[in-house]
Amino acid sequence: MDWQALLPVFILLTSLVTGVFIFALAEERHTARTVLNLAGAAAKVVLVGVAVWGAVEGFEFETRFAFLPGLELVLRVDTIALLFLALSAVLWLLTTIYAIGYLADSPNRSRFFGFFSLCVTATMGIALAGNMLTFFVFYELLTITTYPLVVHRQTKAAIAAGRTYLAYTLGGGVVLLLGVVWLQQVAGPVEFAAGGALDAVAAAHPVQLTIIFGLLMAGLGVKAALVPLHGWLPVAMVAPAPVSALLHAVAVVKAGAFGIIRVVHDLYGVELAAVLGVLMPLAVVAGITIVYGSVRALAQDDLKRRLAYSTVSQIAYITLATALVGPTATTAALAHLMHQGLMKITLFFCAGNLAEELGIHSVRAMDGMGRRMPLTMLAFTFASFGMIGVPPMAGFISKWYLGLGGLEAGQPWVILVVATSSLLNAAYFLPIVAAAWLRPYRGPDVTHEARPGVADGAGRRGLETSRWLLGPALVTAGLLVGAGLFAGLPFSPLELAALAAREIYGMP
C-alpha cells in the first residue's frame, strides 16, 4: 500500500490504538493517560489536515479490505467525508481536553477514555465509509462503544438510560441491516458516488427500492432522533457532560444525520429519490420533528434535557435540508452538520461547567450566572444566539440557506417551519440568557478549591472554573462566531459545504 491508501487507516488507528493502550493503564496513571489522550487526538487533527491538503492537491485516498466474496470494506476520503472528519477531529481534541478536567477526580477513567477513543474510531469509520456495508459496520460499532459511556456513572438512572439507549439503537440497527442486505440482493455491491449509484437498477426495481429507502431512513432515523424514534436522546442525558457533548455534536446523532445525507445524495441520488417519491415524506417527518423538539424543549426545567430536545429539533434541520432538491438546500444541510456541532458542544460544555462549579442543573437556578461565571455564560449566550438564528452567528447562516433552499425547491412551507422553530428557540433560550445576565446572583459562592484533582488550585488560577473546562467552551464559542462572521472566506464551513453541494449536483 502507498501512503494514499494508508492514510484512511492511520486516521482510524490514531484513536483505536490510543483506546487500546488506555484500557491497559492502571487507574492511577493519570499523567500517562492524559498524554495518550492528547497525543492521539492531536495526531488525528494532523492526519485529517493532511487529508484536506491532499484533496485540494488532487490526491485520492482509498483503502479496500476483502470482507467476504463479493463484499469489501471501503474507506475513502471524499468532500463530504472531509466535512465530517474535520468536525470530528477538532471537536474530539477539544472534548478530550474538557473530559480530562471534568473527570479529574472520578473513578474508572481508563475505562471511560478507552471507550471514548473507540467511539471516535467508529465515528471516523462512518465518515470514511465508501459503501453501505462499511457504514453499517462502524454504525453498529458506534452503538457498542457509546453504551459504556452512557452508563459510566453506574447509577440506577444511568443503567435504565443505557437499556433504553440500547433498545432504540439496536432496534434501529436491525432495521438498517435489513435494508442493507435487501439492497445488496437487489443492486449487488454499490458504492457511494456523488449524484447516486443506483441508476442502473432503478427502472427494474422501483417498488423494492422505495421500501428499502424507508428501511434505511428508519434505521438511520433512530440515531438522528427523528420523531417518533427520538425517545432515547433525552433519557441519555444522565451521562457525564463530555459524553452528552459527544453524543449531540460529534458522534451518535450526527452519525444518523450524516447517514441520511449519504443515502439521499450518494446512494439514491436526488433525481431517483424524487422519482420514487420518497423525499417529501422525509421532509414532512423532519418538519414535524423540528417543531416538536422545540415545543418539548420549552417544557423542560432540567438544563441538559432542554438542550437534548433542542438537539432533536436542530438535527432535523439537516434532514429537512437533505430532503429538498437543490444545491442551496444541500449546502444548508452540510453547513448545519458543522454549525450545529459547534453550537451544541458549546452549550453542553457550559452546562457541564455550571454543574461542576455550582451544582446548577435547573433552568430556574440560572439567575445571576452571568455575574458568577461570566466567561461560561458568554459562550452559552453566543451558542444560544446561534441556535435562535441571530445574525451573524453560524446558525443564522444555516437557517438562511435552508429558507432559500425551500424556495428554490418550490416548498415555501419550509420558511414557516424555520420561522416557527426560531421563535420557539428564542422562547426557550432567551429566558435563560436574560436570567443569567439581568437578575442578581443568589446562589452559594462555592469555591473551586473545594474540589481536588486537575480541576482545582493550579487548574483554576483565578478563573471562574478550571481552565480545562473553560478553555474548550471558549474555543468552540469563538469558532461558531467565526463560522458566521467569515462564512464567505475559503475553507469556512459554508464554503466547504457549497463545494460539496456543487460536486453532488455536477456543477463547476
Practice task
Decide if atom OH of Tyr401 counts as having more than 12 heavy atoms of other residues, nucleotides or ligands within a radius under 6.0 Å.
Solution key: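 Not buried by this count: 12 neighbours or fewer within 6.0 Å.
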
Exercise for the section: May I ask you to check whether over 12 heavy atoms, not counting those of Arg163, lie within 6.0 Å of atom CZ? Expected result: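 No, because the 6.0 Å sphere around CZ of Arg163 holds 12 heavy atoms or fewer from other groups.
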
Is there a side-chain contact between [X] and [Y], using heavy atoms and a 4.5 Å cut-off?
{"X": "Leu176", "Y": "Leu216", "result": "yes"}
{"X": "Phe135", "Y": "Val180", "result": "no"}
{"X": "Leu82", "Y": "Leu496", "result": "no"}

What closest approach, in Å, do [X] and [Y] show between heavy atoms, and which atom pair accounts for it?
{"X": "Glu140", "Y": "Gly173", "result": "OE2-CA, 3.3 Å"}
{"X": "His339", "Y": "Pro493", "result": "NE2-CB, 3.6 Å"}
{"X": "Trp413", "Y": "Val284", "result": "CH2-N, 4.5 Å"}
{"X": "Pro242", "Y": "Thr95", "result": "O-CG2, 3.8 Å"}
{"X": "Phe486", "Y": "Ser492", "result": "O-CB, 3.4 Å"}
{"X": "Phe138", "Y": "Leu12", "result": "CZ-CD1, 3.9 Å"}

Please report, to 0.1 Å, the donor-acceptor pairs under 3.5 Å made by any side chain of residues 431-439, with sequence neighbours excluded.
from   : atom 1 : to     : atom 2 : distance (Å)
Trp437 : NE1    : Thr381 : OG1    : 2.9
Arg439 : NH1    : Asp367 : OD1    : 3.3

For residues [X] and [Y], is any side-chain donor paired with an opposing acceptor at under 3.5 Å?
{"X": "Thr143", "Y": "Lys223", "result": "yes"}
{"X": "Ser398", "Y": "Tyr317", "result": "no"}
{"X": "Asn425", "Y": "Ser422", "result": "no"}
{"X": "Thr169", "Y": "Tyr147", "result": "no"}

Problem - From CA spacing to verdict: side chain to side chain contact (heavy atoms under 4.5 Å, CB included), Ser117, Trp92 - result: CA-CA 9 Å; Ser117 295; Trp92 180 40; 3.9 Å; yes

Problem - Residue from Ile318, Leu494, Thr322, Leu83 passing side-chain contact (heavy atoms from CB on, under 4.5 Å) with Leu334 - result: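 For Leu334, the side-chain contact (heavy atoms from CB on, under 4.5 Å) test succeeds with only one of Ile318, Leu494, Thr322, Leu83, which is Leu83.
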
Practice task
Give me the ring orientation class for Phe396 and Trp400: parallel if the planes are under 30° apart, tilted from 30 to 60°, perpendicular past 60°.
Solution key: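 Tilted.
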
Exercise for the section: Look at the rings of Tyr268 and Phe213 and say which category their plane angle falls in: under 30° parallel, 30 to 60° tilted, over 60° perpendicular. Expected result: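 Tyr268 and Phe213: perpendicular rings.
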
Practice task
Please report the C-alpha distance between Ser384 and Leu347 in whole Å, then the side-chain angles of each, then the deciding distance to 0.1 Å, and finally whether the side chain to side chain contact (heavy atoms under 4.5 Å, CB included) criterion is met.
Solution key: CA-CA 8 Å; Ser384 297; Leu347 290 169; 3.8 Å; yes

Exercise for the section: Supply the atom-to-atom distance Leu480 CG to Phe382 CZ, rounded to the nearest 0.5 angstrom. Expected result: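 The CG atom of Leu480 sits 8.5 Å away from the CZ atom of Phe382.
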
Practice task
List the steps and the verdict of side chain to side chain contact (heavy atoms under 4.5 Å, CB included) for Thr14 and Met124.
Solution key: CA-CA 10 Å; Thr14 50; Met124 289 290 174; over 6 Å; no

Main chain of [Y], side chain of [X]: is a donor-acceptor contact present, judged purely on distance under 3.5 Å?
{"X": "Arg76", "Y": "Phe192", "result": "yes"}
{"X": "Arg306", "Y": "Asp301", "result": "no"}
{"X": "Lys399", "Y": "Ile415", "result": "no"}
{"X": "Thr96", "Y": "Leu38", "result": "no"}
{"X": "Ser421", "Y": "Val418", "result": "no"}
{"X": "Thr311", "Y": "Leu307", "result": "yes"}
{"X": "Thr121", "Y": "Leu16", "result": "yes"}
{"X": "Arg305", "Y": "Met237", "result": "no"}
{"X": "Glu464", "Y": "Leu375", "result": "yes"}
{"X": "Tyr165", "Y": "Val150", "result": "no"}

Exercise for the section: Verify side chain to side chain contact (heavy atoms under 4.5 Å, CB included) between Thr155 and Val238, making sure each step is shown before the conclusion. Expected result: CA-CA 9 Å; Thr155 62; Val238 299; 5.7 Å; no

Practice task
Please find out if less than 6.0 Å separates the ring center of Phe115 from that of His152.
Solution key: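 Here the rings of His152 and Phe115 have centres that are no less than 6.0 Å from each other.
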
